[in-house]
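Here is the naming used below: chain letters follow the sequence lines, and residue numbers restart at 1 for every chain.
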Amino acid sequence: MRNVLTADSQCGLLDSVLDTPVSESSWTERPSSLRVGRRANPTRHSSVVRLVHDSGGIPYPVGDVVALDVETDGNKVHKGHRIFCFAYKSNLGERGFLRASKASFAWALRLFGDASKTIVMHNMKFEFHMFMAEGIPIFDYFEKGAKCHDTMMMSKVLNSTGWDHDLRHCAKAYLGRRTEDKDEIKLWLKENNKVKYIRARNGRKLTFKDAPNEVVQNRVMWDVDATLDLYYFFKPRVDATCPTLYETERELVYVCADMEQHGVRIDITRAKTLREQALKDIERIRADIRYLLGDLEVPRSKKNKRTGVREEIIEIVEEMSPASNAHLVAAFKKMGIELKYKTKPKKDKRTGVMKGGGSWAFDEYAMIRYVSPPIVRIIRDGGEDGWPAEKFYEEIHVAIEEHDLDPREMLPPLIIKWRELSKMVSTYYDNFIEDCVDIEVGPDGNEYGILHCKFNQAEAMTGRFSSSEPNLQNIPRIMGPRECFVTRKGRLNWHLDFSQVEMRMFVHFSRDEHMAAAIDKDIHLYVATRIYKKPESEVTKEQRKRAKGTGFGILYGSGAETQAETLTKKGLPTTVGESTKIVAAFHREFPSIKRLTNSLKAELARKGYIENPFGRRYYIPTKFGYKGLNYMCQGTPADLIKAAMVKIWKFIRATGSRVKMLMQVHDELVLEVPPVEVYKVIPATIQMMEDRVSYFVPITVDAEVTRRRWSEKQDPTDLGFVFNN
DNA sequence: CTGAGAAGCCC
DNA sequence: GTACGGGCTTCTCAGT
């Protein structure tokens with residue numbers, strides 16, 4: 001195994017670092033609770049790997065560029081995971097490996113506060129969280145001019161359409177590093193986690209912290225080494241192509257870190273109540289289905305290991321699972337429903353290659369086609385309005401009776417409801433209940449907690465954020481989950497959203513005068529008047545819906561077939577012939593769109609990429625040129641809101657405001673505001689988000705406010721707030 | 001234990 | 001000839 005600490009030492013400073021004696025006490029200060037795979041006395045191999053000890057006198061780097069990386073016992077700071085060691089390497093070749101201790105954090109404090117240093121990290125938001133948990137005031141230092149750089153964000157802005165911006169991929173792609181060394185620690189964990197008695201002894205899975213010193217050191221030194229080299233690789237390229245975009249993303253890391261750290265407040269009791277209710281409903285549906293179906297005979301195929309021949313085994317299933325395709329096939333067959341619809345192959349996101357498809361389909365659209373109109377109507381209405389299970393249930397029974405339908409028609413709607421409910425439980429309620437921290441009991445006796453999610457800056461190709469662990473960007477608009485999101489005590493949550501922003505971008509890039517004139521009214525209605533050549537008063541609701549669907553379809557680059565399918569799925573039965581006509585009419589009325597698409601394709605062919613107004617480049621393979629329009633219309637608002645977030649965050653901090661940013665949902669920003677600050681902050685914020693001059697149509701912001709629950713979002717004027725711009 | 005496929009939630 | 005944009009999570013199943 002290569003020892004990174006003693007390899008290629010380039011200067012005397014390094015030697016002085018390495019010669020620092022390892023004190024016995026520094027190791028006993030924070031003894032690991034574990035001795036797994038570790039030598040009893042680490043000092044014994046200090047002749048092999050010499051350490052910068054953590055008992056004071058840690059050498060401070062002379063080099064002005066310092067790469068930093070931490071190792072932790074988990075990746076959730078709010079769950080108590082902490083740094084157990086970290087490492088650095090400077091541009092002068094100085095390196096060090098530090099165990100977590102008062103002294104080493106004091107060292108880090110000095111470094112982060114040192115405006116003469118450039119600190120380089122890969123995914124620095126993580127380091128920020130971890131060092132802030134140790135008391136290092138990262139945000140204050142930002143304001144005092146400390147410069148932290150993030151090679152992950154550099155990678156992202158240089159290649160927004162790339163997927164992998166983690167250290168492993170960057171080091172491999174840009175530095176030609178071999179990644180086997182980096183994986184050593186993972187392999188160690190994998191091996192040792194397999195050993196049951198080791199896990200049993202500790203009562204938990206092993207983490208990086210449990211790995212032997214050498215393994216940890218090799219890993220963290222590999223990381224800082226790669227990070228530093230990546231910085232020098234990326235820096236000139238960023239400076240040459242997109243310095244402003246990078247600066248926004250870099251500063252935005254602080255904003256995201258702040259949002260993630262603050263978190264949103266959850267009414268845990270409400271989540272528990274809703275969960276219980278959903279489970280009750282599920283139980284009832286389960287019983288009904290059981291009554292309908294009885295036992296199911298489900299064929300299973302297994303390959304014989306020896307012969308390689310497929311064997312069919314019949315499994316008797318008493319309780320079917322609505323998520324199991326095999327169960328559904330058996331259930332439909334038993335009900336005597338002839339299976340008709342198969343799943344379609346889907347494009348692999350990365351390669352664009354068609355994958356999958358060919359199984360029997362049981363998604364909602366397929367289900368709807370198996371039942372008669374009264375049931376379809378209930379499924380549709382119930383879905384749109386978010387009926388409680390009880391009502392849904394009643395309606396189905398009534399419909400069966402009134403229309404004298406075959407009771408077997410109950411199966412599809414019951415499955416749909418079952419899936420919907422279990423989705424609510426496992427994706428939303430369960431996570432709300434389990435992931436909350438800082439739990440407290442409110443004056444109403446309810447339990448409240450804080451939910452921290454991740455906002456990822458380097459995931460979406462267009463430049464949007466994504467959210468995960470848990471994802472706060474896909475909370476259902478109807479039904480229970482939004483009831484669980486509550487304001488903090490003495491705060492209002494303000495939801496500021498860009499109005500019709502994708503459509504506005506559409507108009508901006510196409511320079512369509514007529515659409516521009518209608519954008520502040522009802523754009524979809526206007527499009528309908530043009531497509532159908534009718535005055536507004538004669539446009540039906542359906543026609544408007546079709547026009548709206550067509551607008552989005554074109555924005556997404558879709559053809560007539562998909563349009564027809566999408567509209568039909570949405571309850572507007574449309575043939576391919578009809579949709580072809582509508583799409584043609586759209587292009588006839590708004591020829592600027594075709595021109596725009598073509599010019600973007602031409603730009604792509606010429607340069608190999610297209611670039612949005614913020615300098616974000618999309619390297620799109622030519623065959624995916626149809627995506628260009630969408631990337632521009634989706635990516636531009638993404639950068640617009642990112643820039644606004646940085647401005648707003650700086651404003652909040654500069655004015656000593658107590659406003660906090662809570663979350664971002666693509667075209668919407670949620671701020672937590674003390675009532676006394678509403679007039680000071682909200683108009684200013686809206687102004688920072690809006691842009692009434694740079695675009696062909698003004699970019700405007702709508703505000704809504706929640707006093708208590710997200711599900712009860714209101715118009716601010718209804719609460720007595722009046723803004724006159 | 002992992003990966004693929006299906007489903008379903010958001011903008 | 002080509003075809004609906006961008007995300008995340010959960011569940012099941014089959015083969016490792």
Side-chain angles (χ1 to χ4, degrees), chain A residues 160-161 163 190 193-194 298 300-305 308 310 315 320-328 342-349 352 354-367 383 415-416 419-428 430-431 453-456 459-479 481-482 497-498 500-502 549-550 552-567 569 583 618 620 622-635 637-638 641 663-668:
Chain A
S160 195
T161 36
W163 283 275
K190 203 175 171 183
N193 269 326
K194 273 187 195 162
V298 181
R300 295 279 175 208
S301 78
K302 254 181 196 168
K303 219 188 228 171
N304 189 307
K305 270 184 194 165
R310 247 165 211 279
E315 188 189 343
M320 74 163 295
S321 163
S324 165
N325 222 280
H327 290 190
L328 285 162
K342 295 216 170 170
T343 57
K344 286 185 176 173
K346 278 185 295 193
K347 265 185 304 180
D348 181 271
K349 283 274 185 253
M354 292 301 215
K355 289 175 74 182
S359 351
W360 293 113
F362 296 99
D363 60 356
E364 184 175 318
Y365 182 54
M367 296 291 210
I415 301 273
I416 287 174
R419 276 201 300 234
E420 179 187 295
L421 291 166
S422 54
K423 170 119 191 152
M424 293 302 141
V425 172
S426 54
T427 306
Y428 300 107
D430 279 352
N431 287 335
C453 83
K454 280 170 69 180
F455 288 99
N456 315 302
E459 294 298 326
M461 295 188 302
T462 54
R464 274 187 174 182
F465 274 92
S466 80
S467 165
S468 57
E469 303 173 56
N471 180 358
L472 290 193
Q473 290 178 325
N474 72 343
I475 308 299
R477 314 169 59 172
I478 55 170
M479 306 206 31
R482 289 194 184 198
D497 74 291
F498 286 117
Q500 310 254 41
V501 71
E502 285 183 341
T550 307
F552 277 103
I554 287 168
L555 189 66
Y556 293 158
S558 62
E561 289 86 354
T562 346
Q563 293 262 356
E565 201 181 309
T566 310
L567 289 170
K569 281 186 184 178
V583 171
Y618 304 108
I620 307 171
T622 323
K623 60 175 172 174
F624 294 137
Y626 69 93
K627 292 185 178 183
L629 174 63
N630 179 255
Y631 281 21
M632 293 296 274
C633 293
Q634 185 178 115
I641 198 167
M663 47 199 256
Q664 191 258 32
V665 192
H666 311 306
D667 59 357
E668 173 184 6

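For dG5(C), its base never sits under 3.5 Å from the side chain of Lys627(A) at any donor and acceptor pair. A donor-acceptor contact under 3.5 Å is not formed by the side chain of Ser467(A) with the base of dC8(C). Interface remark: the Asn474(A) side chain does form a donor-acceptor pair with the dC9(B) base, using a distance-only criterion of under 3.5 Å. Taking only distance into account, the side chain of Arg477(A) never meets the base of dC10(B) through a donor-acceptor pair shorter than 3.5 Å. Side-chain atoms of Thr562(A) stay outside donor-acceptor range of the base of dC4(C), with no qualifying N/O pair under 3.5 Å.
For dG6(C), neither phosphate oxygen OP1 nor OP2 lies less than 4.0 angstrom from any side-chain nitrogen or oxygen of Thr462(A). Listed pair Ser426(A) / dC11(C) meets the phosphate criterion, a side-chain N or O lying under 4.0 Å from OP1 or OP2. Residue Lys423(A) places no side-chain N or O under 4.0 Å from the OP1 or OP2 atom of dA7(B). Look at Ser324(A) and you'll find a side-chain N or O under 4.0 angstrom from OP1 or OP2 of dC13(C). Contact between the side-chain N/O atoms of Tyr631(A) and the OP1/OP2 oxygens of dG5(C) is not found at any separation under 4.0 Å. Within the structure, a side-chain polar atom (N or O) of Ser321(A) is placed less than 4.0 Å from OP1 or OP2 of dT12(C). Residue Ser359(A) places at least one side-chain N or O closer than 4.0 Å to OP1 or OP2 of dA6(B). For Lys623(A), no side-chain nitrogen or oxygen approaches OP1 or OP2 of dG1(C) to under 4.0 Å.
Looking at heavy-atom distances under 4.0 Å, Gly635(A) makes no contact with the nucleic acid at all. Counting any heavy atom pair closer than 4.0 Å across all strands shown, Phe552(A) reaches no nucleic acid atom. Note on Glu364(A): only backbone sugar-phosphate atoms sit closer than 4.0 angstrom, heavy atoms only; bases stay farther off. The residue Ala560(A) sits apart from the nucleic acid: no heavy atom pair falls under 4.0 Å. Using a 4.0 Å heavy-atom criterion, one finds that Phe465(A) contacts no nucleic acid atom at all. Among the protein residues, Glu469(A) comes within range of the sugar-phosphate backbone only, with heavy atoms under 4.0 Å from sugar or phosphate atoms but none that close to a base.
Here the C1' atom of nucleotide dG6(C) and the CG atom of Leu555(A) are 11 Å apart, to the nearest Å. Rounded to an integer number of Å, the gap from CE of Met354(A) to C1' of dA4(B) is 17 Å. In this structure, Asn471(A) atom CG and dT9(C) atom C1' are separated by 8 Å, rounded to whole Å. Atom-to-atom, NE2 of His666(A) to C1' of dG7(C) comes out at 6 Å; the value is rounded to the nearest Å. The distance between atom CZ of Arg419(A) and atom C1' of dT10(C), rounded to the nearest whole Å, is 13 Å. The distance between atom CD of Gln473(A) and atom C1' of dC8(C), rounded to the nearest whole Å, is 9 Å. At whole-Å resolution of the value, CG in Leu472(A) and C1' in dC8(C) are 11 Å apart. In this structure, Asn431(A) places its CG atom 15 Å from P of dC8(C), rounding to the nearest Å.
For Arg477(A), the CZ atom sits in a loose shell: 12 or fewer heavy atoms of surrounding residues, nucleotides or ligands are nearer than 6.0 Å.
Taking only side-chain atoms of Glu459(A), from C-beta outward, the nucleotide of dC11(B), dC8(C), dC9(B) with the closest atom is dC8(C). Comparing dA3(C), dG6(C), dC11(B) by their closest approach to the side chain of Val665(A) singles out dC11(B). Listed nucleotides dA6(B), dG5(C), dA14(C) differ in distance to Arg300(A); the shortest reach to its side chain belongs to dA14(C). You'll find that the side chain of Pro476(A) is closest to dC10(B), out of dG7(C), dC10(B), dA6(B). Listed nucleotides: dC8(C), dA6(B), dC4(C). Nearest to the side chain of Thr566(A): dC4(C).
Classified by interplanar angle (parallel below 30°, tilted 30° to 60°, perpendicular above 60°), the ring pair Phe624(A)/Tyr626(A) is perpendicular.
Remark on DNA chain C: of its neighbouring residues Ala460(A) and His327(A), the 5'-side contact belongs to Ala460(A), judged by nearest-heavy-atom nucleotide.
Salt bridge Lys349(A)/Glu459(A): absent, no basic N to carboxylate O contact under 4.0 Å.
Thr550(A) places a side-chain heavy atom less than 4.5 Å from the side chain of Val583(A). For the pair Ile415(A) and Met320(A), the minimum side-chain heavy-atom distance is below 4.5 Å. In this structure, Arg419(A) and Met367(A) have side chains that are in contact, with non-hydrogen atoms separated by less than 4.5 Å.
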Under the side-chain contact (heavy atoms from CB on, under 4.5 Å) rule, what do Thr566(A) and Phe552(A) come out as? Steps first, then yes or no, please.
CA-CA 11 Å; Thr566(A) 310; Phe552(A) 277 103; over 6 Å; no
Which is it for His666(A) and Phe498(A) under the side-chain contact (heavy atoms from CB on, under 4.5 Å) test, yes or no, and what are the steps along the way?
CA-CA 9 Å; His666(A) 311 306; Phe498(A) 286 117; over 6 Å; no
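Comparing the P positions of dC11(B) and dC4(C) gives an interatomic distance of 22 Å, to the nearest angstrom.
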